[in-house]
Amino acid sequence: MSKPSPHFVGIFGGTFDPIHYGHLRIAEELVETINLHEMRFIPAGVPRLRPPPIASSRHRTSMVEVAIRNNARFVLDEREIHRPGTSYSIDSIRELRQEKGESVTLCLIMGADAFMKLANWHEWHDLFGLCHIIIAARPGHELATRPDSLPQALRGETAQRWAHSLADLESAPCGLIYIAPTILLDVSATVIRTLISNNRSVRYLLPDAVLDYIETNHLYSGEE
Ligand code: ATP
């Protein structure tokens, strides 16, 4: 792997209920291809656009912690867990922009399913003044072609923002959207929770350390 650039920081928010290889593989590939200095995993405390997570904030945070433990560029960022009230990504990104300074390029990572709902996000227009958006394709949620397949609100707002190559991302510290060609893994936390509640194996869908944590704490089985 080439020398990391000090200027690129990845921001990966999610409920991580639980974290799985879909998340980890995207993070690994983007650290490598964009040359991210660090990838910050930010578990949501109280998400606004979806039902409350099944596992507690403490358990979801601990699962991220054990999952990323052996990767020097993966960082657990607990700010949304500690912030009272609804978790808004924009608040975290504003804070990170302040902490990291103006010259750092912030890259907000999301799957195609999340991007298609971006226009529902709190103060989403402001994201473009703070970070780039990096989209990972997701089986069943592909961005067919851009921009015609996008929701109307995104179509207009994002028309001029598409980056055509990784090199484009270096031209500005924020404001672009890039579809990253990552390997597709059809894994979701929903499927993992369903399998566990049906007493089925989830081995090889997530790291063994996370599986051990789930079993030790009787998560998702209905016993917790
Ligand atoms: P759930 O099934 O509970 O909705 P999830 O598997 O989608 O969970 P989240 O923690 O909600 O996981 O996802 C965090 C981010 O990771 C989102 O932007 C989502 O689009 C992305 N993501 C999750 N799994 C994948 C995957 N297999 N491929 C691509 N993106 C993914």
Side-chain angles (χ1 to χ4, degrees), residues 7-17 20 22-23 25-27 29-36 39-44 46-51 80 86-97 100 102 104-191:
H7 302 294
F8 280 77
V9 170
I11 302 168
F12 198 0
T15 42
F16 302 122
D17 189 21
H20 52 68
H23 302 122
R25 183 64 208 175
I26 289 170
E29 288 193 45
L30 295 178
V31 161
E32 189 175 42
T33 55
I34 303 179
N35 213 356
L36 297 172
M39 178 68 90
R40 303 187 75 86
F41 288 77
I42 310 184
V46 185
R48 181 175 70 107
L49 295 172
R50 52 179 297 150
E80 291 188 13
T86 307
S87 301
Y88 295 120
S89 300
I90 190 77
D91 293 339
S92 304
I93 297 163
R94 284 193 182 115
E95 286 173 11
L96 280 164
R97 174 54 76 199
K100 302 281 182 191
E102 291 303 316
V104 168
T105 300
L106 299 179
C107 294
L108 176 63
I109 315 302
M110 64 182 76
D113 55 316
F115 180 73
M116 296 301 267
K117 296 182 196 144
L118 185 70
N120 299 328
W121 287 30
H122 184 58
E123 298 178 3
W124 68 280
H125 288 103
D126 290 357
L127 290 173
F128 296 113
L130 295 162
C131 59
H132 293 320
I133 292 179
I134 312 295
I135 308 170
R138 187 168 187 183
H141 301 277
E142 266 100 314
L143 293 158
T145 51
R146 60 187 201 219
D148 300 352
S149 57
L150 295 174
Q152 186 70 40
L154 287 182
R155 205 177 299 169
E157 294 294 331
T158 61
Q160 307 301 320
R161 297 193 175 278
W162 294 94
H164 300 291
S165 70
L166 276 174
D168 288 348
L169 299 180
E170 292 174 17
S171 65
C174 58
L176 295 174
I177 306 169
Y178 178 65
I179 302 176
T182 52
I183 291 173
L184 301 181
L185 288 181
D186 194 1
V187 186
S188 72
T190 301
V191 163

Electrostatic pair E123-R94, nearest N-O below 4.0 angstrom:
yes

Approximate separation, where rounding is to 0.5 Å, of [X] [atom1] and [Y] [atom2]:
X    : Y    : atom1 : atom2 : value
D91  : H122 : CG    : NE2   : 6.0 Å
L184 : R25  : CG    : CZ    : 11.5 Å
I42  : S92  : CD1   : OG    : 5.0 Å
I135 : M116 : CD1   : CE    : 9.0 Å
H7   : C107 : NE2   : SG    : 13.0 Å
C131 : R97  : SG    : CZ    : 8.0 Å

Within the distance-only criterion (no hydrogens, no angle test), does the side chain of T182 pair as donor or acceptor with the backbone N or O of A136 below 3.5 angstrom?
no

Return yes if some donor-acceptor pair links the side-chain N/O of R48 with the main-chain N/O of T86 below 3.5 Å, else return no.
no

For [X] versus [Y], what's the shortest heavy-atom pair and its separation?
X    : Y    : answer
L106 : I93  : CD1-O, 4.2 Å
G10  : L36  : N-CD2, 3.8 Å
L154 : A119 : CD2-N, 4.1 Å
M110 : W121 : CE-CH2, 3.6 Å
S87  : A44  : OG-C, 3.9 Å

Trace of the side chain to side chain contact (heavy atoms under 4.5 Å, CB included) decision for V104 with F8
CA-CA 6 Å; V104 168; F8 280 77; over 6 Å; no

Tell me, which pairs form a side-chain hydrogen bond (donor to acceptor under 3.5 Å, both in side chains) where one or both residues lie in residues 108-120, sequence neighbours left out?
D113-R138

Are [X] and [Y] side-chain neighbours, meaning at least one heavy-atom pair lies under 4.5 Å?
X    : Y    : value
L130 : C174 : no
I134 : L169 : yes
F128 : I133 : yes
L30  : I109 : yes
R40  : L96  : yes
D168 : W162 : no
I90  : W124 : no
T15  : R50  : yes

On the 0 to 90° scale, with breaks at 30° and 60°, tag the H23-F12 ring pair as parallel, tilted or perpendicular.
perpendicular

Fit a plane to each ring of F41 and F16, take the angle between them on a 0 to 90° scale, and name the class: parallel (under 30°), tilted (30 to 60°) or perpendicular (over 60°).
tilted

Pairs in or reaching into residues 156-165: which pass salt bridge (charged side-chain N to carboxylate O under 4.0 Å, His left out), with residues at least two apart or in two chains?
none

Show your reasoning for whether side chain to side chain contact (heavy atoms under 4.5 Å, CB included) applies to Y178 and H132.
CA-CA 8 Å; Y178 178 65; H132 293 320; over 6 Å; no

